[in-house]
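All remarks here apply to the structure that follows.
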Amino acid sequence: MERTGPTVRFSGLLAAATAAVLAAGALVATAPAAGAADVDLARNGGFESGLDGWSCTAASGAVVSTPVHGGTKALKATPAGSDNAKCSQAITVKPNSSYTLSAWVQGSYVYLGATGTGTTDVSTWTQSSGAWKQLTTTFRTGPSTTSVSVYTHGWYGTPAHYVDDLTLVGPGGDPVVIPAVPAGLKTTAIASSSVALSWNAVSGASGYNVYRGGAKVATATGPSATVTGLTPSTAYSFQVSATNAAGESAKSAAVTATTTAGGGGGGDTKLPARALVGYLHSSFANGSGYTRMADVPDSWDVINLAFGEPTSVTSGDIRFALCPVAECPNVESEAEFKAAIKAKQAAGKKVLISIGGQNGQVQLASTAARDAFVTSVSKIIDTYGLDGLDIDFEGHSLSLNTGDTDFRSPTSPVIVNLISAVKSLKAKYGSDFVLTMAPETFFVQLGYQFYGSGPWGGQDPRAGAYLPVIHALRDDLTLLHVQDYNSGPIMGLDNQYHTMGGADFHIAMTDMLLAGFPVAGDTTKVFPGLRPDQVAIGLPASTQAGNGHTTPAEVNKALNCLIKKTDCGSYQTRGTWSDLRGLMTWSINWDRFNNWEFSRNFDAYFGN
């Protein structure tokens, strides 16, 4: 959130590497003839059975009937953004054996290769192929290798390419065994229309099927899933099975869950089913003018006081004071401010202290800073009788140290200490403590593509850095309202880039939070979706408030799509999120400046 006018602060990542760097293999014109006992081990190498046996990145792979090299079908794969349209298949092989990998391809910069060989992984490629061209390479497996992954992919920014008649010829390996039955099935979140599940990963499984009452309702590539479209206050039974090329395991032991009552929400925080959240410029003035607490309309259900700021970036010592009279001539007295807060609370409103903002960089890099944060924030809460805390860490407040690659178990001190500090505050104030967060898209949804400095270093270490905080505090979190503004284009779950300012951006960004997503594309590290009642959409209240202003008509289209699954446009949500909590805006002051357009539209849409 900004004290002044709009400023785009979207950071770039490591520039893309050149094709030459990754072209590790060289073309092989011929290969040794296969032995008499050799067989073709590739499953569905001609793609006559669609993508059966193949795993393609996101939605990049499709089967077409023209052009083809042999048979009636071929693979068409289309790179998009940072997705090079990779399709792969795990194949069982024998140790200490020679194999020949071959495929017919058409297109520019098409790659063919094998990994996990146990010796030297291989690849080959063609720079330009206007007609069908055969790529071939060979490798030998290591002494303990029983499975390899063969793959094809294109190059970033290039048109679609085609693959057909892929073969892997060599000694047949031991047969693939049906995976074991998944264990540890449990619920991780329950809402009125959805239940989130997780279970233990199964060795050798390539995917999982989720069953509700004996009927398959979802599939997953990792050990978690969210089942949506459920009825409030209803008991359901869930099971899960594991799958691979050999087949499907038996179903797991069942777990039961009863959905919550519809229209309720917030547990002990007692928020309304639809909540409007706004930031109140209490410690400073800008072009929007100062708004007294008593003058905030009843439309606002959560009022975040902007801002508590540290005495220094690394001190953890947070201070808050009302705007000076010299800057805000119409500022109320401390006594009037406190009385107005009590009046809002008596009317059922929540008033929080928001920490950070554009200028308030907070880095809890030490345990001393962590403890100072807890002490100083507690003092602010107690002084003004507040209901909780909003975390609005921006800029360089949060980043991931090199090697901190798993959001489920962070090691970076600024992350670990923030989580610990918030848990301490929650424990101190109990179940009525309201906790909200307002990260930027760079720190959350960008994590679908990039996380921290990356496996090889060089990326912006702030990418996705809020994810471990959100995940660790999800059971304590009242509301997450990501700032869908001042953002660069972000890739959604459809693997297309979405740009701020219209309904599409809010639909795609919000759907990611509710459906969950693999972090940095790693299907073994899936960020589980939040409950819909934990999520609100963050927008600027006017064109002056921030880049990415969205008109009321587009806001309503986004709400229609997410809540009712209508007006969705080209993006189709992964669920119908009927319990979506509401909207957040920067800011109440800017909404007043804009004749209350934002809050009036909210009230009209939800019939308030």
Side-chain angles (χ1 to χ4, degrees), residues 189 265-271 275 277 279-280 282-283 293 301-322 334 337-339 341-342 344-346 348-357 360 362-393 397-398 410 412-439 466 468-481 530-531 533-534 581:
D268 290 336
T269 59
K270 298 181 177 64
L271 291 183
V277 182
Y279 286 78
L280 184 67
S282 299
S283 63
M293 174 65 73
D301 301 296
V302 181
I303 303 167
N304 292 328
L305 306 181
F307 288 106
E309 298 182 357
T311 54
S312 69
V313 172
T314 58
S315 70
D317 186 6
I318 307 300
R319 303 295 174 90
F320 172 78
L322 287 176
E334 284 269 332
F337 186 68
K338 292 177 181 178
I341 290 174
K342 288 185 177 179
K344 291 295 180 187
Q345 292 167 331
K349 313 302 181 182
K350 304 297 181 182
V351 184
L352 317 181
I353 179 64
S354 179
I355 308 297
V362 182
Q363 296 176 3
L364 304 184
S366 66
T367 54
R370 175 200 66 192
D371 295 343
F373 183 88
V374 173
T375 300
S376 58
V377 171
S378 296
K379 183 177 180 181
I380 295 170
I381 291 173
D382 294 342
T383 297
Y384 294 95
L386 304 179
D387 297 289
L389 168 68
D390 173 70
I391 302 173
D392 185 17
F393 284 18
S397 293
L398 296 181
S412 303
V414 294
I415 304 292
V416 174
N417 289 332
L418 175 59
I419 293 168
S420 175
V422 175
K423 283 188 174 293
S424 294
L425 289 166
K426 178 72 174 180
K428 177 177 180 178
Y429 291 102
S431 60
D432 287 338
F433 186 78
V434 179
L435 173 63
T436 66
M437 301 182 193
Y466 248 95
V469 179
I470 299 167
H471 185 64
L473 296 170
R474 63 175 55 238
D475 292 339
D476 301 311
L477 182 64
T478 308
L479 273 180
L480 175 72
H481 31 64
L530 295 168
R531 301 191 318 269
D533 64 277
Q534 288 180 294
R581 180 66 74 179

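Index from 1, following the sequence.
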Taking atom [atom1] of [X] and atom [atom2] of [Y], what is their separation to the nearest 0.5 Å?
{"X": "N304", "Y": "L352", "atom1": "CG", "atom2": "CG", "result": "4.5 Å"}
{"X": "L418", "Y": "K423", "atom1": "CG", "atom2": "NZ", "result": "11.5 Å"}
{"X": "L480", "Y": "R581", "atom1": "CG", "atom2": "CZ", "result": "13.0 Å"}
{"X": "R319", "Y": "T311", "atom1": "CZ", "atom2": "OG1", "result": "6.0 Å"}
{"X": "K350", "Y": "I303", "atom1": "NZ", "atom2": "CD1", "result": "12.0 Å"}
{"X": "F307", "Y": "I318", "atom1": "CZ", "atom2": "CD1", "result": "12.5 Å"}

Hey, mind stepping through L389 and I353 against side-chain contact (heavy atoms from CB on, under 4.5 Å) and telling me if it holds?
CA-CA 5 Å; L389 168 68; I353 179 64; 4.2 Å; yes

I need the minimum non-hydrogen distance between [X] and [Y], along with the two atoms involved.
{"X": "A369", "Y": "L364", "result": "O-CD2, 3.7 Å"}
{"X": "P468", "Y": "I419", "result": "O-CD1, 3.7 Å"}
{"X": "Q363", "Y": "S397", "result": "CG-O, 3.6 Å"}
{"X": "R474", "Y": "Q534", "result": "O-NE2, 2.8 Å"}
{"X": "S283", "Y": "A321", "result": "CB-O, 3.2 Å"}
{"X": "D387", "Y": "K349", "result": "OD2-O, 3.9 Å"}

Of V302, V277, D533, the residue whose pairing with L271 passes side-chain contact (heavy atoms from CB on, under 4.5 Å)
V302

Does any non-hydrogen side-chain atom of [Y] lie less than 4.5 Å from one of [X]?
{"X": "L398", "Y": "P439", "answer": "no"}
{"X": "D476", "Y": "V422", "answer": "no"}
{"X": "D475", "Y": "K426", "answer": "no"}
{"X": "I380", "Y": "S376", "answer": "no"}

Between the side chain of [X] and the main-chain N/O of [Y], is any donor-acceptor distance below 3.5 Å?
{"X": "T478", "Y": "L435", "result": "yes"}
{"X": "Y429", "Y": "S378", "result": "yes"}
{"X": "S354", "Y": "A306", "result": "no"}
{"X": "S282", "Y": "L322", "result": "no"}
{"X": "Y466", "Y": "F393", "result": "yes"}

For F373 and I355, run side-chain contact (heavy atoms from CB on, under 4.5 Å): C-alpha distance rounded to whole Å, both residues' side-chain angles, the deciding distance at 0.1 Å, then the answer.
CA-CA 10 Å; F373 183 88; I355 308 297; 4.0 Å; yes

Report the C-alpha separation of L305 and M293 in whole Å, then their side-chain angles, then the decisive distance to 0.1 Å, and conclude whether the side-chain contact (heavy atoms from CB on, under 4.5 Å) test is met.
CA-CA 10 Å; L305 306 181; M293 174 65 73; 3.5 Å; yes

May I ask you to check whether over 12 heavy atoms, not counting those of K342, lie within 6.0 Å of atom NZ?
no

Would you say D392 and Y279 are linked by a side-chain donor-acceptor pair, where the criterion is simply a distance under 3.5 Å?
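Absent: no donor and acceptor within the cut-off.
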
